[in-house]
Number of protein chains: 2
Amino acid sequence: MSRINLKEINTRAGKEIDKQETKDKLVKILVELDELQNLLFAENQHSILVVIQGMDASGKDGVIRNVFTSMNPQGVNVKSFKAPTPEELSHDFLWRIHAQAPAKRMIQIFNRSHYEDIIVTRVHKWCDDKTARQRMKAINEWEDIISKHNNTNILKFYLHVSYEEQQERLKERIKDPGKMWKYNANDFEEAKLWDVYMQMYEDCFENCNDIPWTIVPSDQNWYKEYIIASTLRDTLLGLNMQYPGLKK
Amino acid sequence: MSRINLKEINTRAGKEIDKQETKDKLVKILVELDELQNLLFAENQHSILVVIQGMDASGKDGVIRNVFTSMNPQGVNVKSFKAPTPEELSHDFLWRIHAQAPAKRMIQIFNRSHYEDIIVTRVHKWCDDKTARQRMKAINEWEDIISKHNNTNILKFYLHVSYEEQQERLKERIKDPGKMWKYNANDFEEAKLWDVYMQMYEDCFENCNDIPWTIVPSDQNWYKEYIIASTLRDTLLGLNMQYPGLKK
């Protein structure tokens, strides 16, 4: 992938896209997803890894709640990666990640992921450029391994919000009693590093794109949910799955 | 709990219960559950363990799909216990179970559970009566530990189907292409041991009831789903949870 400039990519749906029409389409896709996930589980041949990255308040939790809730929780698993524990730090950075790779028949969602090891770590200079390059190579290799050796389809989504939209959502967390639990004073501090974050994401998209990223315009929840749900639907349809016959 | 006789317990809803009315109630409960689960996650003080047991084709998978799909998969996790691996067998029977106990804020569902270690094992005489008694004591103790030490509410459901209904559902798996993947010829063999299974379940309910079992009439899916959803709703309401205020 050639270098992209996030500033040039819209964080909103194009003007030609109708909100209500898109929402109606989403409702139908969610019904399809329920059936396709059941088929994935029954066939037991493939697995899906959904990687969700994005700035604070870009809507990672919301998209998980609104898109993946349509499916049987028995076949869907969410792993939220936090700051590594001392035990995790005593291993290579992909050790804890590999342990969470999806088993066949499962949809595994990464809420944040191994990409934090080349994003937040670089922004704060906990990881130098040389190490970052090595990690990018390792990420491409690791994604190749799980794709090839366990029929895992990896879908990588970057939730692209504008700085203005992020600030608005962070402020909402201070006012709305139902959202206060998400508030972290440090988020405003992190936001000051916005431009460095964007630069590190651009570098990531350039170098870790063997399995391609989808940049999702994310200022509007309805559009973001539609893009992710329809990408997942198309991927599942592309597997040409069939219900297995009777075991002999 | 005094000895119960499963034959005396109805596997269907009482005649006074209206199907459509119950289904309408269920739809409303699922909306409530979505909100309550979000609150459980936000408050981060309690956790829920839902244990689902029942004979083959009693509808364990279906109830998970239809009741728990209404909630954010980020806060809901399903663990299906299969025959133990050699590594698991080299530990006490609760070792692999404890590792799957819910973290605070989570709803963990056990599709089959530690109760198999005093049911299927006894039916096949892999476990003698003395060992079974010791295991029952251990189960009560273990359930006490996770209830008291991590604010875990344990809900135990036995999906009570009639032999006739089970046979019908097993035969359906041979005919319906969407269900063939669930077919296992051995299920019909197991079904021949029906009476022994019932006896072992009755023994279990008598001895492992410190945290009480709910016997769920399960011949009709709509009624089973309603009972489980409403029990979960009442339990969550009983926690008197509140959204946390702003962290200082």
Side-chain angles (χ1 to χ4, degrees), chain A residues 30-31 33-35 37-45 50 52 60-80 82 103 105-112 173-187 241-248, chain B residues 30-31 33-35 37-45 50 52 60-80 82 103 105-112 173-187 241-248:
Chain A
L30 293 184
V31 176
L33 279 179
D34 178 38
E35 184 50 39
Q37 182 264 321
N38 194 51
L39 183 52
L40 178 80
F41 195 87
E43 203 199 38
N44 199 12
Q45 294 295 324
V50 179
I52 302 182
K60 299 182 286 297
D61 293 336
V63 106
I64 294 171
R65 186 172 181 187
N66 293 320
V67 172
F68 296 93
T69 202
S70 67
M71 290 172 275
N72 187 345
Q74 186 148 248
V76 179
N77 197 43
V78 184
K79 173 66 188 174
S80 298
K82 314 279 182 193
R105 77 170 24 161
M106 295 295 293
I107 297 177
Q108 173 73 305
I109 301 157
F110 282 0
N111 186 348
R112 302 189 187 273
R173 292 183 178 174
I174 305 179
K175 290 181 210 149
D176 181 343
K179 291 183 176 170
M180 283 178 185
W181 64 280
K182 292 194 143 201
Y183 174 74
N184 185 339
N186 190 48
D187 290 349
M241 299 179 287
Q242 293 190 338
Y243 281 101
L246 275 185
K247 283 177 288 240
K248 296 295 167 196
Chain B
L30 294 183
V31 175
L33 278 178
D34 178 40
E35 183 51 39
Q37 181 264 322
N38 194 51
L39 182 52
L40 178 79
F41 195 87
E43 203 199 39
N44 199 11
Q45 295 294 323
V50 179
I52 301 182
K60 299 182 287 296
D61 293 335
V63 106
I64 293 170
R65 186 171 181 188
N66 293 319
V67 171
F68 296 93
T69 201
S70 67
M71 290 174 275
N72 186 346
Q74 187 149 247
V76 178
N77 197 43
V78 183
K79 173 65 189 174
S80 298
K82 314 279 181 193
R105 77 169 25 159
M106 294 297 292
I107 296 177
Q108 173 73 306
I109 301 157
F110 282 180
N111 186 349
R112 303 189 185 272
R173 291 182 179 175
I174 304 179
K175 291 181 211 148
D176 181 342
K179 289 182 177 171
M180 285 179 185
W181 64 281
K182 292 193 144 202
Y183 174 73
N184 185 338
N186 189 49
D187 290 350
M241 299 179 287
Q242 293 189 337
Y243 282 101
L246 275 184
K247 286 179 286 243
K248 297 295 167 194

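The sequence lines fix the lettering, A, B, ..., with proteins before strands; numbering per chain opens at 1.
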If you count every heavy atom of other residues, nucleotides or ligands that lies below 6.0 Å from Gln45(A) atom CD, does the total exceed 12? yes
Can any side-chain N or O of Thr69(B) pair as donor or acceptor with the backbone N or O of Thr69(A) at less than 3.5 Å? yes
Tightest non-hydrogen contact, residues Tyr243(A) and Pro177(B), listed as CB-O, 3.4 Å
One option among Trp181(A), Tyr183(A), Phe41(A), Phe68(A) has the most heavy-atom pairs under 4.5 Å with chain B, and it is Trp181(A)
What part of Asn66(B) gets closer than 4.5 Å to chain A, counting heavy atoms only: side chain, backbone, both or neither? neither
NZ-CD distance between Lys60(A) and Gln74(B), expressed to the nearest 0.5 angstrom: 10.0 Å
Region of Pro244(B) that comes under 4.5 Å of a non-hydrogen atom in chain A: both
Is Asp61(B) close to chain A through its backbone or its side chain, or both, or neither, when contacts mean heavy atoms under 4.5 Å? both
Count the heavy-atom pairs under 4.5 Å between each of Gly75(A), Gly245(A), Ala42(A) and chain B, then report the option with the highest count. Ala42(A)
If you count heavy-atom pairs within less than 4.5 Å of chain B, which of Leu39(A), Val76(A), Asn38(A) leads? Asn38(A)
Nearest 0.5 Å please: distance from the NZ atom of Lys179(A) over to the CG atom of Leu246(B). 13.5 Å
What part of Ile174(B) gets within 4.5 angstrom of chain A, counting heavy atoms only: side chain, backbone, both, or neither? both
What part of Asp34(A) gets within 4.5 angstrom of chain B, counting heavy atoms only: side chain, backbone, both, or neither? both
Sort Ala185(B) into side chain, backbone, both or neither according to what part of it lies under 4.5 angstrom from a heavy atom of chain A. neither
